[in-house]
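Note: hydrogens, waters and symmetry copies are ignored here, and every other heavy atom, side chains too, is used. Heads up: numbering here begins at 1 and tracks the sequence. Since the structure is predicted, the reported quantities are computational estimates derived from the model, not experimental observations.
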Amino acid sequence: MLSKLTDFEVGDNNLSGEIPSWLFALPSLRSLGLYENQFTSVSEFVVNSTSLLDFRLDYNRIQAIPNSVFDLLYLEAFTLSNNNLSSTMELSVFSRLKNLRIFDLSYSGLSLTTTISDANSTSSWPSFTYLGLSSCNISEFPDFLRSQENLESLMLANNKLRGELPRMLQDIGTETLEILDLSHNLLTVSNGSSRFAKLRILDLSNNIFSGALPNDLGNLTSMVNLSLPKGDANKNYDSSTLA
């Protein structure tokens, strides 16, 4: 049955109910796009193939993640943003998916926790290009971020991050990072220099920064949009402001 099907895309179709397990048994399936529907659950399934690389579930009403997902060891993209999950999970459980490059849990309803063991195993994590962890009740910067040299987009908005920006941020995607969203947190002062050669969009709005703008913001020559906290009317700055 459908043994040669490689792509199954049914996004934005108002489909509902449970996602059937037989989809994951298709031997040649590489991309499964179920985004922007009304699905509420994913049944447990048996992984019979190593071909599935791309699984998109964002903008549904999914209420739980089946354990079977962690057997999809060859996934390169997994998006679950904007769903109805309500559980708490260890962030480290996703480190098993070693091939992930695009990973998005933003506004999924999940609360993510980190442990000491996460901090001691940064090299065991996938190397992400897109990482979305906005609105996941994160209270500290995950330590594995220090090993993320290829990040292009990092989304950590609407969490519970507080205090100074950690120095390890200086080493995240210094030659690749283009979008950094830290808005709607409790961050105070920038710590260290701005080293991101390709950073185009930086959102620090709705934090509690104080004092003068860091002088080295002018070194971000690729910047096209900068959003800062209140204190200066929550201004958005374009690249000409920073010249």
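- With sequence neighbours excluded, the residues satisfying side chain to side chain contact (heavy atoms under 4.5 Å, CB included) with Ser28 are Thr6.
- The two atoms that bring Asp203 and Asp181 nearest to each other are CB-OD1, 3.5 Å, heavy atoms only.
- Every residue two or more places apart in sequence or in another chain was checked for a ring pair (Phe, Tyr, Trp, His ring centres under 6.0 Å) with Tyr130, and none qualifies.
- Formation of a donor-acceptor pair under 3.5 Å by the Ser222 side chain with backbone atoms of Ala197 is found in this model.
- A donor-acceptor pair is defined here as one N or O able to donate and one able to accept, closer than 3.5 Å; such a pair exists between the side chain of Gln148 and the backbone of Pro126.
- Residues satisfying the side chain to side chain contact (heavy atoms under 4.5 Å, CB included) test with Pro27, not counting sequence neighbours, are Ser3.
- Counting only distance, with no hydrogens or angles, the side chain of Asn37 and the backbone of Val10 share a donor-acceptor pair below 3.5 Å.
- Remark: side-chain polar atoms of Asp104 are not paired, donor with acceptor, to backbone N or O of Leu80 under 3.5 angstrom.
- A 4.5 Å side-chain heavy-atom check between Thr174 and Leu177 finds every atom pair outside the cut-off.
- Partners of Phe24 by ring pair (Phe, Tyr, Trp, His ring centres under 6.0 Å), not counting sequence neighbours, listed by chain and number: Phe45, Phe55.
- Scanning both residues, Ala64 and Leu85, for their nearest heavy atoms gives N-CD2, 3.2 Å.
- Although no hydrogens or angles enter the test, the distance criterion places no donor-acceptor pair under 3.5 Å between the side chain of Asn206 and the main chain of Asn185.
- Between Leu182 and Leu187 there is a side-chain heavy-atom pair separated by less than 4.5 Å.
- Criterion: ILVMFWY side-chain heavy atoms under 4.5 Å apart, direct or through other members. Under it, Tyr59 and Tyr107 are not part of a common hydrophobic cluster.
- For Leu34 against Asn60, the heavy-atom pair with the smallest separation is O-ND2, 2.9 Å.
- Applying the side chain to side chain contact (heavy atoms under 4.5 Å, CB included) criterion to Asn137, with sequence neighbours excluded, gives Ser111, Lys160.
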Item to complete: Output, in order, the C-alpha distance, side-chain angles, deciding distance and verdict of side chain to side chain donor-acceptor pair (under 3.5 Å) for Glu140 and Thr114.
Response: CA-CA 8 Å; Glu140 58 185 358; Thr114 59; 2.9 Å; yes
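- Summarising the geometry, atom CG belonging to Asn83 is positioned 10.0 Å from atom OG1 belonging to Thr40; distances are rounded to the nearest 0.5 Å.
- Taking each heavy atom of Met155 and Ile179 in turn, the nearest pair found is SD-CG2, 4.0 Å.
- Partners of Arg101 under the salt bridge (charged side-chain N to carboxylate O under 4.0 Å, His left out) rule, at least two apart in sequence or in another chain, do not exist in this structure.
- Between the Asn99 side chain and the Leu73 main chain, a donor and an acceptor come within less than 3.5 Å of each other.
- Distance check: Lys98 NZ to Ser124 OG gives 4.5 Å after rounding to the nearest 0.5 Å.
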Exercise. For Ser68 and Glu44, what are the C-alpha separation, side-chain angles and deciding distance, and is it a side chain to side chain donor-acceptor pair (under 3.5 Å)?
Worked result: CA-CA 6 Å; Ser68 313; Glu44 292 289 348; 2.3 Å; yes
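- Side-chain atoms of Asn150 and Thr129 form no donor-acceptor pair, as typed in the model, at a separation below 3.5 Å.
- The neighbour count for Gln38 CD, taken as heavy atoms of other residues, nucleotides or ligands under 6.0 Å away, is above 12.
- To the nearest 0.5 Å, the span separating CG on Leu131 from CG on Leu145 amounts to 6.5 Å.
- Residue pairs meeting the salt bridge (charged side-chain N to carboxylate O under 4.0 Å, His left out) criterion with at least one member in residues 70-79, sequence neighbours excluded: Asp71-Arg96.
- Here the CG atom belonging to Leu204 is positioned 6.5 Å from the CG atom belonging to Leu165, to the nearest 0.5 angstrom.
- Annotation: ring pair (Phe, Tyr, Trp, His ring centres under 6.0 Å) contacts of Phe70 (sequence neighbours excluded): Phe94.
- Sorted pairs that involve residues 13-40 and meet salt bridge (charged side-chain N to carboxylate O under 4.0 Å, His left out), not counting sequence neighbours, are lacking altogether.
- With sequence neighbours excluded, the residues forming a salt bridge (charged side-chain N to carboxylate O under 4.0 Å, His left out) with Asp171 are Arg195, listed by chain and number.
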Item to check | Trace of the side chain to side chain contact (heavy atoms under 4.5 Å, CB included) decision for Met223 with Leu199 | outcome: CA-CA 6 Å; Met223 183 73 69; Leu199 193 64; 3.9 Å; yes
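- One finds the OG atom of Ser205 at 8.5 Å from the CG atom of Leu228 (value rounded to the nearest 0.5 Å).
- When side chains are defined from C-beta on, Leu112 does not count as touching Thr88, because their heavy atoms never get closer than 4.5 Å.
- Atom OG in Ser227 sits 11.5 Å away from atom CG in Asn207 (nearest 0.5 Å).
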>> Run Leu53 and Leu75 through side chain to side chain contact (heavy atoms under 4.5 Å, CB included) and show every step you take.
In response: CA-CA 4 Å; Leu53 304 178; Leu75 274 185; 5.7 Å; no
Start with the C-alpha gap between Tyr74 and Leu52, add the side-chain angles, then the distance that decides, and say whether side chain to side chain contact (heavy atoms under 4.5 Å, CB included) holds. CA-CA 7 Å; Tyr74 293 88; Leu52 189 59; over 6 Å; no
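- Ser86 pairs by the side chain to side chain contact (heavy atoms under 4.5 Å, CB included) definition with nothing, not counting sequence neighbours.
- Residues Ser108 and Leu105 come closest through the heavy atom pair OG-O, 2.8 Å.
- Comment: Glu178 engages Arg200 in a salt bridge, judged by a side-chain N to carboxylate O separation of less than 4.0 angstrom.
- Residue pairs meeting the salt bridge (charged side-chain N to carboxylate O under 4.0 Å, His left out) criterion with at least one partner in residues 45-61, sequence neighbours excluded, are Asp54-Arg56.
- Contact annotation: the side chain of Val42 never approaches that of Ile65 to less than 4.5 Å [non-hydrogen atoms, C-beta and beyond].
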Between Tyr35 and Glu9, is the side chain to side chain contact (heavy atoms under 4.5 Å, CB included) condition met? List the steps.
CA-CA 9 Å; Tyr35 49 87; Glu9 302 286 335; 3.5 Å; yes
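- Considering Phe128, Phe144, Trp125 in turn, Phe128 is the only one that fulfils the ring-ring contact (aromatic ring centres under 6.0 Å, His included) rule with Phe103.
- Heavy atoms only, all atoms of each residue included: Asp7 and Ser31 are closest at OD1-CB, 3.2 Å.
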